[in-house]
Amino acid sequence: MAEHFELPSTIAILPSRNKVLLPGGVVGVRCTSAASVQLVEQELWQKEDLKGLIGVVPMHDSQVSDRPLSPRASMLQFLQEGKNFDRGERESSMVAPPPSDLQPPVGRQTNETIHWHPRGVAARVLALQQHMEKPTSRVTYTVVLEGRCRFGVQEFNVHDLYNTARVTQLDSTKAEMEQAEKDPEVQVLARQFKSVAGDLISLLEPKLKAVERTKALLETASAHKLADIFVASFEGSFDQRLAMLDAVDLRQRLLKATEIITRHLQTLRVAEKISMKVEGNLSKSQKDVLRQQIRAIKDELGDNDDDEDDIVALESKMQSVGMPANVWKHAQRELRRLRKMQPQQPGYGSSRTYLELLAELPWQISSEEREIDLVAAKDRLDSDHYGLSKVKKRIIEYLAVRKLKPDARGPVLCFVGPPGVGKTSLASSIAGALGRRFIRLSLGGVKDEADIRGHRRTYIGSMPGRLIEGIKRVGVNNPVMLLDEIDKTGADVRGDPASALLEVLDPEQNKTFNDHYLNVPFDVSKVVFVATANRVQTMPAPLLDRMEVIELPGYTPEEKLHIAMRHLIPRVLEQHGITNKHIKIPEPMVELTIQRYTREAGVRNLERHLAALARAAAVKVAEREQSMRRVTGDMIPEVSLMDHGEGRGGLGDGGGVEMEVEAVGIHGREVASAMTDLEPLLVDEAMLEVVLGPPRFDGKEAAERVATPGVAVGLVWTVVGGEVQFVEATAMLGKGDIHLTGQLGDVIKESAQIALTWVRARAAELKLAVAEAGSLLKDRDIHIHFPAGAVPKDGPSAGVTLVTALVSLFGKRCVRADTAMTGEMTLRGLVLPVGGVKDKILAAHRCGIQRVILPERNRKDLQEVPAAILANMEILLAKRMEDVLHQAFEGGCPWKPASRL
Ligand code: ADP
C-alpha cells in the first residue's frame, strides 16, 4: 500500500456480500463455496509465491441498502443477473475471525436481485490456509487479504466457476498524491481529519493496544492513506464504507473520513455515558445483593442480627409508649431509614440515638395525680423547713388553687434569695406535696438558646435541649421542674435562652414545645414549673412578668441555730451513718460555728461544717468499732478453747453453741448497738478548732479595720446577699490626683469623685485640719481602695461611706467600729435611698455590727427586716450627709453643735 504498484487489467473477483474492503484494511475470508475454492486454487494456491492479487468487489442486495444505484450500477446489475449468484452466507466482520464464504455457492440459485458495486479494491494475499473438512474430505481455504488500491470495473467475465473483471486503477500515483497534498484546501481538510482521528485515539486509549504506534502513524503517514486506514479499522455501516470506497477524489475522501470518524466519536461518547450510568446502577443493586448476602451469612452462622433484633425491640418500645399519631408517622419514617443503613454507615448512630430518645420520652406516662391534702402539705413544709412562714403560706395558697382547679394557669412561682436559704428544698417539698416527681434544671451560665431548645440534627454531635433531656431523665410528663438560677441565663450571639424559656412557660405555647433536635412537638403543659433566682434585677422583664416572685431573705443567727438543731444536724448524721448516740453537738457549739466559721445569708456553709463534724465522729466510731472487733475477735478463740478443750471444731456440742452465738453476735452487726453503751462524742471548742481549723471570723474584724483614720464600714449588696465592705482612703505626696482600686465600675468611680468634691467644698466648714494649710489636695494624691479586689463592685450606695472615709482621713479621726452605713449622696449632700436594705442589715448583724446608718427614705424597707434583728440593732436614718457624719464618729460631729435626727 505504501508504494504504487501495477494493477493487471484483468483480475479474479471475490465478491464480498454487504461488506466493503478498503485500501489499508485487512480481512480474513473462509472460502467454502465451489466457486471461491476454485478461485483460490487457480489464482493463489497453485502459484509459488503468494504475491498474487485478487479483486474484492462489494455486492449488496436491495434489503440491505436503499442506496440508489447509479445508472452504471444498473447496467452491472443487468450483467450480474445472468450470473445466478445467490445470497450465500454473510460475512460477520472485515477484520476479525474469518467469516464464511463471500461467494454464494453456485447451484443455490435464487431470483433475488443482487447488485454488484462498480468499484472494488485490489487485495494482496497475506496468508493462505488449506482445511480438510471431515468426514466429506472437502477442501476449503482461509485467506487473509490486505486492501491495496481502488479500481473501477469495466466488465465482468466468467472464468469457469468464478468471475474475473476488466479493471482500471482509480487511485492516483504517488507523485500525483504528493502534488495534491500540497493544495491548501487539502491541507486544511487533512488537519481536520487528523484532529478528529487524534480525539478518537485518546478516547479509545484505555482499550487500544498499540496506542503509541497508532499515534506515531497519525504523525507520520499521509492523510489520504490514514483516511482509508481509519475508516477500514473502525466499525462503520455498509453505506459509509461504500461511500468511502467511492471517494476517489482526495478532498472528498478526507471529508468523508472526517464525517465518519466524527460520527463514530459521538457514538462512542454517548455509549460511554450510558455505560457509566448503567455501571452506577449496577453497583447500587450489587450492594443490595451483598447486603442480603451478609444477612444470610449471619443468619446461617446464628449470630444474626443483633442490630436487627435491637431495631425490632426499638420499634415495639416505640409502639408501646403511645406517641401521638403524627410523631409515630415521623418515627416510622426514621425507622425505615435506619433499617436501610448498615451499622458502620455514618449517620446510623445518630439516627438510632434519636429513635431511642423518641422511645424513651414519656409521651403518655404521668405521675399518678392524687388529691392534694393541704394539711399534709403544710405538715410536710413545716417538718422540712424552719421559719419561712410567709413563704409557706404562699405555697399553701398555690396548692389550694391547684386543688380546686388542677389545670389552673397561675403564674410560675419564683423563689428569689441568696444561696442556701432553701429555695431548692422548698421546690422539692412542693413536688412531694403534689405527689409528683421532681427534676432540677440548672440554668446558671446558659447563654445559648440551643441549650434549652436543642441543636438541629444536622449539627454533628447535636443533642436535645435541657428541657427534653430533663423530661427524659425524670420519665414522666408531669413532674415539678425547677428552673434553677433562671436569672443567670444571658443572651449573646447564639440567641437568647430567655425567649425559649418564655415559650416553655407560656401556657398557650407549651402544649407544642418544639425542641430543635426532637423536631416534633412535645406537650410540656402538664409540667409544674418553679424557678429560683438570686436577684430579680438581672432577670429579663418578659420572663419576670410570668413569675410570682417570693423572696427569701437570709437567716438570722438565731434562725440558723434552729435550722441547724432541728433539720441540719439530724440530716447530716443520717447521711454519715451515725446517730446522736455517737456524737453530741451542743447548741453553744453550733452558735460558735455560726459566729466564727460562717458569714453567709443561707445555711449551706453551716451544713458543710456540721458535715465535717459528723465525718470526724464517723471516723472515731469506725475506729472504735474496729478496736471492739479486735477485742471480741480475740475473745472468741479463748472462749471456744475453754469450752471445747481439744475439740475446737465441735460446733455441735451443746455447751459451746450458746457461747458461739453470743460471740458472733458481738463480732457482727451488733457492734453499733454495743457502742451505744459508750459515751457519745461531745463536740467542744477544741474539737471545733481541730476539725474546722482556727476561727475565720472573730467579731473583732471591724474594730481592727477601723482602728486608723480613713476607713469606713459600708454595706453592699451582692448575689450572695448583703455584705460588709470596708472602704479605705489614704493620702500621700502628689499632684492632687485621685486613685481608685478594687475592681470598680463607672458608677462607683463617679461616687468617689462626688465624695471628694463634697469634702473639698466643705473642708473649712468641717474644720478639717489639713484644710487650714490651703487646698485639701495641695501637693498630695488621694488613693481610695475597696478591698476584696477580685469581686467586681458597682452602684451608687457607697456614696456616704466614701465621704465618711475621706472626712475621717482628713479630720484624722477614727470612724466608729460598731457602725456601718449605706446610701447614695448627691453633689449637694442629700442622701438618697438604696436597694437591698434587708440583706444589708442582715449582713451587718452577722458581722456583729450594732448600728446601721440608712437613708431616711429607706424607712419603709425596715418592715421586711425580721423584728428579732431590729430589736438588737440601732437603725439611724439620715437625710443629709451631715447626719451621717454625725452618727459615724464617736461623740458626734465636732463641727456641728447638735444632731438633726
Ligand atoms: P438554695 O436552693 O436556696 O441555694 P437549698 O435549698 O439548696 O438552698 O438549701 C441548702 C440547704 O439548707 C438544704 O439542705 C436545705 O434543706 C437547708 N435549708 C435551707 N433553709 C432551710 C430551712 N428554713 N429549714 C430547714 N432547712 C433549710
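Read the numbers this way: they start at 1 and go in the same order the structure lists the ligands and their atoms.
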Looking at non-hydrogen atoms alone, which of R566, R571, H562 comes nearest to atom 16 (O) of ligand 1? R571
Kindly write out the residues that satisfy side chain to side chain donor-acceptor pair (under 3.5 Å) with E685, not counting sequence neighbours, or none if the list is empty. R596
How far is atom 25 (C) of ligand 1 from the closest protein heavy atom, and which atom is that? D384 O, 3.3 Å
Can you tell me if T532 has a non-hydrogen atom under 4.0 Å from ligand 1? no
Report the part of I563 in contact with ligand 1, treating N, CA, C, O as backbone and CB onward as side chain, heavy atoms under 4.0 Å; options are side chain, backbone, both, neither. side chain
Name the closest protein heavy atom to atom 6 (O) of ligand 1, giving the residue it belongs to and the distance to 0.1 Å. S425 N, 3.0 Å
Could you check whether any heavy atom of G387 sits closer than 4.0 Å to an atom of ligand 1, since that is the contact criterion I want to use? no
Would you check whether G420 has a nitrogen or oxygen atom less than 3.5 angstrom from a nitrogen or oxygen atom of ligand 1? yes
Is it true that E503 and R453 have a side-chain N and a carboxylate O under 4.0 angstrom from each other? yes
Below 4.0 Å from any atom of ligand 1, is there a heavy atom belonging to G602? no
K378 atom NZ: more than 12 heavy-atom contacts under 6.0 Å: no
Sub-4.0 Å heavy-atom approach of F415 to ligand 1: no
Salt bridge present between R571 and E607 (N-O < 4.0 angstrom): yes
Under the ring-ring contact (aromatic ring centres under 6.0 Å, His included) rule, collect the residues that match up with Y398, sequence neighbours excluded. none
Using a 6.0 Å cut-off, check whether atom CE of M873 has over 12 heavy atoms from anything other than its own residue. yes
What protein heavy atom sits nearest atom 12 (O) of ligand 1, and how far away is it? V603 CG2, 3.2 Å
With heavy atoms and a 4.0 Å threshold, my read on which part of H567 contacts ligand 1 is side chain
Side chain H582, main chain T579, donor-acceptor under 3.5 Å: yes
Electrostatic pair E723:K840 at N-O distance under 4.0 angstrom: no
T424 contact mode with ligand 1 (heavy-atom cut-off under 4.0 Å): both
Among E607, R608, K560, R604, which one has a heavy atom closest to atom 11 (C) of ligand 1? E607
